[in-house]
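In what follows, a single structure is set out as structure tokens and then discussed.
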Amino acid sequence: MALLVDKARHQIRAVAQWLNLTLETPGETQARILYQPLETALIRIAVDLRIFNALSGERNGSKSLDELAAVTKADPALLARILRSLAAFGAVRQTSANEFKATGICETFTQLPLSDGSKFCFDVAGMAWQYLPEFLRKTGHKEPFDGRNCAFNMAFRTDEPIFDFLIKNPKFLEVFNSYMTSRRQGRQSWLEFFPLERELVTGFSNKGNAVMFVDVGGGYGQEIQEVKKRYPDLPGRMILQDLPDTIKQITAAPNTETMAYDFFTPQLIRGARAYYLRNVLHDWPDTQCREILQRTASAMKKDYSKLLINEWCLRDRGSSVYATFLDINMMADLQNLVGIITW
Ligand SMILES: C[S@@+](CC[C@H](N)C(=O)[O-])C[C@H]1O[C@@H](n2cnc3c(N)ncnc32)[C@H](O)[C@@H]1O
């Protein structure tokens, strides 16, 4: 039922988008597309000023410009200009010349992972997007495959791959990891269609310290939390593995066993029931994907361990905006997402 409702919602949105594009004049088209980066910049400013937090919960009532200036400590004249622009694209609602209230967009960005997402996408990924055209011009419009030579490297004048760069910039690493915890909202969870009990619990050898599930490159443990919520009585250990700096940043992963582990080194947990890789392989070109998978495969127990890959696959035609943009984002920041489906 939920799936049908979601499908209908997508269809209605597609029609609304078509209608919008059909009614748009060329002048409106150029203003919408060419000025679109300012939308992201305004959201980023609003996140800095915590405007959305100040308005949150005020959907029925409004806050005055003076009240917002007092909370945000921003110059009222500047704030008025920012709020007016935010209202123009629906990020806040302007109820009178000097009164504002929350909208759905506003409530969305009060969630920490999403406001952190705005910081990561604007301050790091967005910089790479800005350089992508120049990078592709300079490299003769060839598909990039080198994680030390991407638009990201051009933008930040570094030859380090992005994860090394993030480790050296803990604030960026923190907003990246926080953002990663959000990227499942509104999407169907694999737990809704994967018969976990049949595939993993049946046949699980629950002896001694047996490991049920290893989340390789699992970030802050968002997937393990989901599995635990849905299967609170799952037998065996569940282990979250990620880079040491990410593991150090984890403040809330209740009852989760964490382990610092670099997936380009031999897998530390041998013979687990399941090794799970979600949104990990798309960060790497084929050569490194093979290495990660070989490291995992050599720790697996024959006829017992299972490899679970939860990844994006792009359709040749009709892929969503988010999926295709994620592909281009990977090309700008890392190497190439499309590699994953040809692998
Ligand atoms: C795109 S995030 C996905 C996080 C999580 N699996 C999810 O789906 O939300 C990729 C993860 O790979 C981790 N990672 C990157 N390089 C790694 C390495 N060499 N060894 C272990 N983890 C690594 C990152 O720290 C990050 O948590």
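Heavy atoms only: backbone and side chains are in, while hydrogens, waters and symmetry mates are out. Just follow the structure's listing: the first ligand is 1, and inside any ligand the first atom is 1.
- Annotation: atom 5 (C) of ligand 1 to nearest protein heavy atom, G217 O, 3.4 Å.
- Heavy atoms of Y261 found under 4.0 angstrom from ligand 1 belong exclusively to the backbone.
- What sits closest to atom 17 (C) of ligand 1 on the protein, heavy atoms only, is F263 CZ, 3.1 Å.
- At under 3.5 Å, not a single nitrogen or oxygen of W284, backbone or side chain, sits near a nitrogen or oxygen of ligand 1.
- On a distance-only criterion, F163 and ligand 1 share no N/O pair closer than 3.5 Å.
- Distances from atom 1 (C) of ligand 1 to the heavy atoms of L326, N279, V216, V280 show the closest one on N279.
- In summary, the side chains of E197 and T202 do not present any donor paired with an acceptor at a separation below 3.5 Å, with no hydrogens or angles considered.
- Polar contact check, D262 against ligand 1: a nitrogen or oxygen pair lies under 3.5 Å apart.
- Of the charged side-chain nitrogens involved, at least one lies within less than 4.0 Å of a carboxylate oxygen, so that R44 and D48 count as a salt-bridged pair.
- Here's the thing with R278: one of its N/O atoms is less than 3.5 angstrom from an N/O atom of ligand 1.
- In the vicinity of G219, heavy-atom distances shorter than 4.0 Å reach the ligand 1 atoms 27 (O).
- Residues E223 and W190 bring a donor and an acceptor atom of their side chains to less than 3.5 Å of each other.
- Atoms of ligand 1 lying under 4.0 Å from at least one heavy atom of F264, given by number and element, are 19 (N).
- Judged by the 6.0 Å distance and 45° axis criteria, R93 is not positioned over the aromatic ring of F100.
- Contact annotation for Q222 and ligand 1: only side-chain heavy atoms (C-beta onward) come within less than 4.0 Å of the ligand.
- One finds the OG1 atom of T40 at 7.0 Å from the CZ atom of F122 (value rounded to the nearest 0.5 Å).
- In terms of heavy-atom proximity, I167 sits nearest to L173 at CA-CD2, 4.4 Å.
- Scanning the protein heavy atoms around atom 27 (O) of ligand 1, the nearest turns out to be D242 OD2, 2.6 Å.
- The closest approach between any non-hydrogen atom of Y276 and ligand 1 is not below 4.0 Å.
- Ligand-side atoms of ligand 1 in range of T246: 25 (O), range being under 4.0 angstrom from any heavy atom.
- Considering N20, L19, L21, T25 in turn, L19 is the only one that fulfils the side-chain contact (heavy atoms from CB on, under 4.5 Å) rule with L23.
- Salt bridge E134/K138: present, at least one basic N to carboxylate O contact under 4.0 Å.
- Exactly one of F204, Y276, Y275 qualifies for a ring-ring contact (aromatic ring centres under 6.0 Å, His included) with F213. That residue is Y276.
- Short contacts between ligand 1 and D283, defined as distances under 4.0 Å to a heavy atom of the residue, involve ligand atoms 1 (C), 10 (C).
- Separation of the F163 and F176 ring centroids falls under the 6.0 Å cut-off.
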